[in-house]
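Working notes, beginning with the structure itself.
Chain A is the first sequence line, chain B the second, and so forth, proteins listed ahead of strands; every chain is numbered from 1.
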2 protein chains.
Amino acid sequence: MKLSSKSRYAVMALTDLAKFNTKDPVTLRDISLRQGISLVYLEQLFLKLKKNNIVKSIRGKKGGYILNKKASEVKISDILLAVDEKIKTIGCKKNSKEGCNGRSSKCITHDFWEELEDHICDFFKKKKLEDLINQTRFN
Amino acid sequence: MKLSSKSRYAVMALTDLAKFNTKDPVTLRDISLRQGISLVYLEQLFLKLKKNNIVKSIRGKKGGYILNKKASEVKISDILLAVDEKIKTIGCKKNSKEGCNGRSSKCITHDFWEELEDHICDFFKKKKLEDLINQTRFN
DNA sequence: TATATACCCGACTATTTTAGTCAAGTTTAA
DNA sequence: TTAAACTTGACTAAAATAGTCGGGTATATA
């Protein structure tokens with residue numbers, strides 16, 4: 001059970017962005033250097049974050065990215081959703097008639113996994129980007 | 001973020017075992033048939049569960065497996081540990097001096113991921129095998 | 001209006017992990 | 001004696017992951 005580095009990078013990058021999002025847009029190049037994440041990989045991530053209205057891009061010289069909302073309004077779950085992180089502990093389809101393993105209508109531990117899923121999702125929904133900004137000392 | 005089917009199967013199989021663990025040992029063949037898990041795969045899992053003192057095996061004809069403790073004393077976290085499920089949300093080493101990405105001593109979101117890890121582990125530590133037995137109707 | 005800076009996008013690939021099989025045993029109750 | 005059941009290591013196909021590569025497009029500034 002692990003989180004993909006896609007998600008880890010997305011949260012790291014946005015935390016960095018939120019920290020430096022004072023007035024001028026922040027360039028991916030800067031985030032890349034500060035956080036040690038490949039620039040090309042960041043581009044992929046920010047494309048998705050933009051499509052999901054988490055950031056706005058400003059093109060041209062002096063361009064870069066800014067947050068689309070206040071850091072206090074960005075849920076971590078929004079970020080994970082944007083980069084396609086799936087919180088799926090089970091193969092069972094939630095409201096499927098054919099059931100979890102194609103045999104019984106529900107596998108014997110179905111409810112347990114669903115509970116786990118909710119437990120994790122709750123955590124991500126409660127946490128806001130703002131909560132992360134001042135949590136750790138910066139480099 | 002997903003749980004391996006190794007873990008899912010281990011929990012399913014043990015829940016099944018706990019349900020049928022009345023007097024006689026339960027054979028893997030029966031668990032395999034009831035739960036739709038490959039017999040050979042179950043053998044692999046129960047080897048690990050046995051090494052970790054979660055089950056005991058009884059050899060020979062009429063043999064099979066029984067729980068080594070009461071179902072109320074088996075934590076789900078014990079099971080996951082036994083089959084090598086890693087709850088690692090981050091690459092960061094917990095008490096390493098070199099730090100998470102080989103650069104800074106701690107990555108910017110380190111504390112957040114650690115909190116998530118604890119959140120998930122707590123869930124698994126609180127849940128006992130017994131809690132699962134009567135949760136879902138059986139097939 | 002030239003151009004450097006920065007974003008945009010699809011295709012591709014090496015590596016790792018996962019899920020599961022295969023084959024060949026050993027043990028023991030009946 | 002033998003069938004049922006556990007034991008073990010090696011192997012493999014498929015999927016997911018973490019990125020790279022190459023070639024764009026948009027626009028602020030000089």
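Under the salt bridge (charged side-chain N to carboxylate O under 4.0 Å, His left out) criterion, the residue pairs touching residues 41-59 of chain A are A:Lys48-A:Asp84, with sequence neighbours excluded.
Neither B:Leu47 nor B:Met12 shares a network with the other; the hydrophobic side chains, linked directly or stepwise wherever heavy atoms of I, L, V, M, F, W or Y lie under 4.5 Å apart, form separate groups for each. Hydrophobic clustering, with ILVMFWY side chains joined whenever heavy atoms are under 4.5 angstrom apart, keeps A:Ile76 apart from A:Leu81.
With rounding to whole Å, A:Tyr41 atom OH is found 18 Å from C:dC7 atom P. Spacing between atom CE of B:Met1 and atom P of D:dA18 amounts to 13 Å, rounded to whole angstrom units. As rounded to whole Å, 11 Å separates atom P of D:dA16 from atom NZ of A:Lys6. When rounded to the nearest whole Å, the span between CZ of B:Arg29 and C1' of D:dT7 equals 19 Å. Note: CG (B:Leu3) to C1' (C:dT18) measures 13 Å, nearest angstrom.
Residues A:Lys127 and B:Glu115 are paired through a salt bridge, judged by an N-O separation under 4.0 Å between the basic side chain and the carboxylate.
When the side-chain nitrogen and oxygen atoms of B:Ser5 are compared with OP1 and OP2 of C:dA19, one or more of them lie within a distance under 4.0 Å.
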(request) Might you work through the ring pair (Phe, Tyr, Trp, His ring centres under 6.0 Å) test for B:Phe123 and A:Phe112, ending with a clear yes or no? (result) CA-CA 11 Å; B:Phe123 182 82; A:Phe112 172 68; 5.7 Å; yes

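Side chain of B:Asp122 to backbone of B:His119: no donor-acceptor contact under 3.5 angstrom is found.
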Kindly give the atom pairs (protein nitrogen or oxygen, nucleotide nitrogen or oxygen) under 3.5 Å for nucleotides 15-17 of chain C.
none

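Distance from the side chain of A:Leu47 is smallest to C:dC8 among C:dC8, D:dT7, C:dG20.
Among A:Leu39, A:Asp16, A:Leu14, the one residue that satisfies the side-chain contact (heavy atoms from CB on, under 4.5 Å) test with A:Ile31 is A:Asp16.
Looking at heavy-atom distances under 4.0 Å, A:Phe46 makes no contact with the nucleic acid at all.
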(request) List the protein contact pattern of nucleotides 22-30 of chain D with one symbol per nucleotide (5' to 3'): B for base contact, S for sugar-phosphate-only contact, - for none; contact means a heavy-atom distance under 4.0 Å. (result) ---BSBS--

